[in-house]
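Atoms considered below: every heavy atom in the structure, side chains included; atoms not considered: hydrogens, waters and symmetry mates. Model, not experiment: these values are computed from the prediction.
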Amino acid sequence: MADEVDHRRRGARYRARRRAVSLLFEAELRDADVVKLAEERRRMGQESQEFHDVAPYTMEIVTGVAERLDRLDSTISEHLREWTLERLPAVDRAVLRAAAWELLFGSDEVDAAVVIDQAVLLVSDLSAEKSVPYVNAVLDRVAGLAQHIRAAERAVSSLEGPDDTGGPDVSQTTSDDPGTGAAG
């Protein structure tokens with residue numbers, strides 16, 4: 001009961017993160033599509049007061065993790081020490097994926113320290129005590145790269161715009177003349 005009251009005091013973002021972790025965990029265990037699972041739970045919450053609706057921020061996290069799962073897993077794996085992602089407890093994987101998505105691809109308005117702090121709270125609530133410092137350290141390392149990854153993502157997305165962006169057609173600017181061609 002005390003845990004439930006504490007859980008409610010932590011705020012809407014914490015509850016959204018906790019629900020996202022719960023959905024990611026369940027989807028992995030059931031080998032289900034997490035976005036479909038979240039949408040199903042959203043419908044259930046709208047149709048019946050017995051079920052809680054799925055908050056928009058929960059949907060944002062779940063969808064973001066689903067869309068970038070391979071990239072997130074790769075990034076997390078690069079920052080693990082003496083463990084592999086597959087060997088971590090499933091709940092730790094879910095927390096790491098949700099928090100890494102927020103750090104790397106979520107809103108710039110959310111401070112990295114808040115994301116890490118709340119991920120650590122989630123792990124302390126849901127997982128083994130020894131997971132807390134480990135998850136904290138991994139997310140701290142991921143957060144160190146976040147600014148660089150966000151800048152790279154913005155640069156790539158600006159290059160991937162439609163052909164009518166007004167930019168030069170790179171295929172037409174290649175030339176042997178060093179003053180007019182692309183760098184070789």
**Student:** Verify the neighbour count for atom CD of E78: are there more than 12 heavy atoms of other residues, nucleotides or ligands below 6.0 Å?
**Tutor:**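 More than 12 heavy atoms, drawn from other residues, nucleotides or ligands, come within 6.0 Å of this atom.
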**Student:** I need the minimum non-hydrogen distance between A98 and I61, along with the two atoms involved.
**Tutor:**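 Closest approach of A98 to I61, heavy atoms only: CB-CG2, 3.8 Å.
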**Student:** Can you name the closest pair of heavy atoms from L24 and A94 and give their distance?
**Tutor:** CD1-O, 3.8 Å
**Student:** For V34 and L69, what are the C-alpha separation, side-chain angles and deciding distance, and is it a side-chain contact (heavy atoms from CB on, under 4.5 Å)?
**Tutor:** CA-CA 11 Å; V34 69; L69 184 61; over 6 Å; no
**Student:** Taking R93 for its side chain and L85 for its backbone only, find out whether a donor-acceptor pair lies under 3.5 Å.
**Tutor:** yes
**Student:** Could you check whether any side-chain N or O of S74 sits under 3.5 Å from a backbone N or O of D70, counting only pairs where one atom can act as donor and the other as acceptor?
**Tutor:** no
**Student:** Please report the closest heavy-atom contact between V65 and L72, naming both atoms and the distance.
**Tutor:** CA-CD1, 3.8 Å
**Student:** Can you tell me how far apart CH2 (W101) and CZ (R68) are? Round to the nearest 0.5 Å.
**Tutor:** 9.0 Å
**Student:** Measuring from E39:CD to D33:CG, what's the distance to the nearest 0.5 Å?
**Tutor:** 8.0 Å
**Student:** Taking all atoms of both residues into account, what is the closest heavy-atom pair of A20 and T58, and its distance?
**Tutor:** N-CG2, 3.6 Å
**Student:** Keeping T75 on the side-chain end and R71 on the backbone end, is there a donor-acceptor pair under 3.5 Å?
**Tutor:** yes
**Student:** With side chains defined as the heavy atoms from C-beta onward, is the minimum distance between R18 and R15 less than 4.5 Å?
**Tutor:**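 No, every pair of side-chain atoms sits at 4.5 Å or beyond.
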**Student:** Check step by step if side-chain contact (heavy atoms from CB on, under 4.5 Å) holds for L23 and R19.
**Tutor:** CA-CA 6 Å; L23 289 165; R19 187 72 185 272; 4.2 Å; yes
**Student:** Could you tell me if the side chain of L121 sits less than 4.5 Å from the side chain of R17, heavy atoms only?
**Tutor:** no
**Student:** Just so I know, are the side chains of L145 and H79 near enough to count as touching, which here means a heavy-atom distance under 4.5 Å?
**Tutor:**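 Answer yes - side chains close enough.
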**Student:** Restricting to non-hydrogen atoms, name the atom on L139 and the atom on A100 that form the minimum distance, rounded to 0.1 Å.
**Tutor:**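 That would be CD2-N, 4.1 Å.
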**Student:** Let me confirm one number: the CZ-CG distance from R154 to L159, rounded to the nearest 0.5 Å.
**Tutor:** 13.5 Å
**Student:** Would W83 and D92 count as a side-chain contact (heavy atoms from CB on, under 4.5 Å) here? Give the steps.
**Tutor:** CA-CA 12 Å; W83 283 86; D92 294 0; over 6 Å; no
**Student:** If you round to the nearest 0.5 Å, how far is CG of L126 from OG of S131?
**Tutor:** 10.5 Å
**Student:** To the closest 0.5 Å, what do you measure between CG (L103) and CG (D111)?
**Tutor:**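 It comes to 9.5 Å.
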**Student:** Do Y134 side-chain atoms and R81 backbone N/O form a donor-acceptor pair below 3.5 Å?
**Tutor:** yes
**Student:** Could you give the distance from OG (S107) to OH (Y57), rounded to the nearest 0.5 Å?
**Tutor:** 6.5 Å
**Student:** Quick check: do V62 and V54 have side-chain heavy atoms less than 4.5 Å from each other?
**Tutor:** no
**Student:** Any heavy-atom pair between the side chains of Q118 and E102 that's under 4.5 Å?
**Tutor:**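 Contact flag for E102/Q118 side chains = no.
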**Student:** Do D125 and Y14 have side-chain heavy atoms sitting under 4.5 Å apart?
**Tutor:** yes
**Student:** In terms of hydrophobic clusters joined by side-chain contacts under 4.5 Å, are I116 and V114 together?
**Tutor:** no
